[in-house]
Each structure stands twice: as structure tokens, then as C-alpha cells.
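A short worksheet on the structure shown next.
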Amino acid sequence: MLRPLMLATAALALTSAAQGQSSSDSGLSRPPVAAEALPQHLTVQGVERDFLLLDARRGKAPAPLVIALHGGGGNGATMVPRWRDLAEREGLVTVFPEGVGRTARMGTWNAEGCCGYAMTENSADIAFVAAIIDRMIASGTVDADRVYVTGMSNGGMMTHRIAIALSDRIAAAAVVAGAMFGGETMPKRPVPMLIMHGVRDQVVGYDGGTSPMALVARSQSRPFLPVRSAVDFWAGADGCTAKSTQSGDGDEEITIETHSGCRGGSEVIFYRLKSATHMWPGAPNRMQMLETTPYTALDATETIWSFFKHHARN
């Protein structure tokens with residue numbers, strides 16, 4: 001069966017090609033140097049799927065696994081520069097899955113209410129991520145109790161779905177500039193969740209609704225919920241009972257809202273970025289038609305990893 005190629009629903013992605021040798025379906029390629037993200041392949045429900053693997057372990061002990069999902073119209077290579085330095089410093093195994101579409105290297109995720117080809121074709125993206133986790137655990141390279149997922153934009157929307165569906169396998173999750181759509185089922189287990197969103201987001205609006213960007217709006221089947229709805233969903237799903245705390249009075253550039261007293265040691269943290277638009281904070285723009293304004297008041301990668309490393313499945 002032909003491998004589905006990736007669709008640009010929103011914009012062209014500026015990418016650098018990943019280097020190295022590919023693996024067969026029966027095993028994993030180990031990079032000769034940690035900085036090299038190597039192509040890997042899996043067959044999921046009869047469709048060949050791709051991901052990039054960056055193995056920065058020190059020694060042979062299983063390491064934490066971070067699965068990073070690109071935004072709509074992008075590909076795995078757009079996320080590699082955002083995680084490479086930290087992965088090497090912390091000794092992580094990092095995976096960058098590829099979405100699906102009609103045009104090579106420009107992919108989307110089936111977040112149900114968005115986006116494009118992946119949504120209309122009902123792409124089996126949850127099964128794809130589950131298969132990646134299975135392979136990485138079977139290879140002995142990762143710690144099954146320290147599997148994390150994060151994503152931006154359409155990848156952030158997909159992160160919500162994965163955290164719900166794979167709550168028994170995910171130690172924590174983080175969503176940057178993503179959204180929910182309503183009607184989500186509750187996860188079987190609590191999942192620590194970090195949500196980060198810019199108030200001035202011009203693609204996935206902070207207050208929800210149809211995207212102000214026509215290309216993205218045409219890729220939606222349902223309106224985005226306000227960011228507040230996603231925060232409240234996870235605080236409820238995780239059974240957070242303590243009164244939420246907030247840094248400052250809400251008028252600062254960065255406001256941090258924390259929901260604690262949650263089941264299983266989970267927590268929900270919400271970063272409200274007053275002047276941020278649609279981007280991965282603290283990193284160079286990788287999709288310039290969408291990520292129009294750099295934001296340096298916060299480094300999303302460092303913030304997310306600081307959150308992840310305090311959580312493991314129990």
C-alpha cells in the first residue's frame with residue numbers, strides 16, 4: 001500500500017531534512033551521534049507511517065521518551081531543533097512523528113474537529129502513537145513509566161486526544177497553542193497536563209471559535225473551544241480539589257495558573273502569555289506563514305521538560 005503523503009492545510013513548513021539511515025519494521029536504527037534524528041517506519045492498520053528518532057541516551061539504561069507532534073502543515077523535522085539541545089543535555093529519547101496528507105512533508109493530525117486530510121480520512125493517529133510507544137519500549141531504550149507527549153497547534157489538539165485515549169501509558173502531556181472541541185470522554189486515569197497559549201493567537205484563537213485564518217478555518221469541521229475550557233476539562237478529569245493558585249493579578253506578561261490536589265499526584269498548569277501569537281515560545285519560527293512573531297519571554301521546551309521530569313506513571 002502506498003504511504004500517505006502529508007498535506008499543507010495552513011502553510012508551507014520551512015524544514016531541514018533529517019539525516020541518517022532508515023530502519024526496517026523489525027528493528028530500530030541507533031544514531032552514530034546523538035544529534036542525528038533518523039527516519040523510522042511503522043505499518044499501522046495497513047498504512048506505512050514515519051517518524052524521526054533522536055536517541056541521546058547516556059549508556060544503555062532506559063531513558064525518558066518525549067513524543068513531539070508538529071503543527072498542521074509541518075512535519076517531524078520542524079520539531080527537531082526545538083528539542084535537540086535539551087534532549088542531548090538531559091539524555092532523552094525523543095520521537096518526532098509525521099502527520100499525513102496529500103503533499104510530501106506537510107502533514108496534519110486527526111484531532112476530530114481539525115485538521116484537513118488527516119481528519120477527513122479519519123487517520124489512525126492514536127494507534128500510530130501507541131505503536132511508537134510499543135516499539136520504543138520493546139527496544140529497551142525507554143522507561144515505560146516516563147513516556148511524555150507534547151504538540152503545537154494541530155499537534156497540540158492531537159495531544160489532548162492522545163492523553164485521553166492513552167492515559168494509562170502517558171506520564172504527562174503538554175499542549176502549546178492547541179485546542180479542544182467539546183464532547184471529549186474522560187480519561188481512565190489522571191494525566192498531568194501543561195497548557196500554554198498566547199492571548200493574541202491569530203490561528204487558534206484564545207477565546208475559541210472558527211480560526212481567523214481562512215486556510216485553517218477551512219480545515220476545521222467544528223469550532224475550537226476557548227482555552228479556559230481545556231484547562232477546566234483537565235482539572236476536572238484529574239480530580240483537582242484544591243483551589244487554583246495564580247501568579248500575580250493576571251495582567252502580567254506571563255500568568256501561571258496551577259491546579260493541585262489532583263488524583264494520583266497529577267496537576268494542571270496553565271501558562272497564559274499576554275502578548276504571544278501563534279508559535280512555540282523561545283524557539284526560531286519554523287512555519288513562517290503561521291508563526292509570524294517570535295516570542296522570547298518564555299522557553300516552551302525548557303518549561304515543558306521541567307514539568308515532565310517531575311512526573312512518572314505510578
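What you see is a predicted model, and the numbers here were worked out from it, not measured in a lab.
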- [ ] Any side-chain hydrogen bond (donor to acceptor under 3.5 Å, both in side chains) involving residues 232-243? Give me the pairs, sequence neighbours left out, ordered by first then second residue.
- [x]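 Passing the test, one end in residues 232-243: His160-Trp234, Arg228-Asp232.
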Open item on the list: For residues 161-181, which residue pairs pass the side-chain hydrogen bond (donor to acceptor under 3.5 Å, both in side chains) check, not counting sequence neighbours?
Closed with: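 Qualifying pairs: Glu112-Arg161, Asp134-Arg169.
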TODO: Mind checking salt bridge (charged side-chain N to carboxylate O under 4.0 Å, His left out) for Lys188 and listing every partner two or more places apart, or none if nothing turns up?
DONE: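 Per chain and number, Lys188 pairs via salt bridge (charged side-chain N to carboxylate O under 4.0 Å, His left out) with no residue.
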Would you say [X] and [Y] make side-chain contact, with heavy atoms under 4.5 Å?
X	Y	result
Ile164	Ile162	no
Trp280	Thr301	yes
Val176	Pro281	yes
Pro64	Val93	no
Ile132	Arg49	no
Trp109	Ser123	no
Leu92	Leu65	no
Met152	Thr159	no

Open item on the list: Going by ring-ring contact (aromatic ring centres under 6.0 Å, His included), name the pairs with one or both residues in residues 169-188, residues two or more places apart or in two chains.
Closed with: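 Sorted pair list: Phe181-Phe224.
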Open item on the list: For Ser260 and Thr258, which I'm curious about, is there any donor-acceptor pair between the side chains at under 3.5 Å?
Closed with: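 Thr258 and Ser260 do not have a side-chain donor-acceptor pair below 3.5 Å.
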Open item on the list: For the residue pair Asp50 / His41, report whether a side-chain donor-acceptor contact shorter than 3.5 Å exists.
Closed with: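 Yes, Asp50 and His41 have a side-chain donor paired with an acceptor closer than 3.5 Å.
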Are any side-chain N or O atoms of [X] and backbone N or O atoms of [Y], one a donor and one an acceptor, separated by less than 3.5 Å?
X	Y	answer
Gln202	His278	yes
Thr78	Asn75	yes
His70	Gly99	yes

Please identify each residue that fulfils side chain to side chain donor-acceptor pair (under 3.5 Å) with [X], with sequence neighbours left out.
X	value
Tyr148	Arg146
Lys309	none
Ser275	Glu253
Asn314	none

Task: Identified side chain to side chain donor-acceptor pair (under 3.5 Å) partner of Asn110 from the options Asp125, Asn122, Asn154 - done: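 Of the listed residues Asp125, Asn122, Asn154, the side chain to side chain donor-acceptor pair (under 3.5 Å) partner of Asn110 is Asn122.
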For [X], all residues meeting side-chain contact (heavy atoms from CB on, under 4.5 Å), sequence neighbours excluded:
X	value
Arg218	Ala214, Leu215
Ser221	Met119
Ala68	Met79, Trp83, Phe96, Thr150
Ala276	Leu273, Met279, Tyr295

Open item on the list: Tell me which one of His197, Met196, Glu257 satisfies side-chain contact (heavy atoms from CB on, under 4.5 Å) with Tyr271.
Closed with: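 Of the listed options, the one satisfying the test is Met196.
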TODO: Could you check Arg58 against Glu88 for salt bridge (charged side-chain N to carboxylate O under 4.0 Å, His left out), going step by step and ending with a plain yes or no?
DONE: CA-CA 9 Å; Arg58 302 185 186 96; Glu88 291 181 351; over 6 Å; no
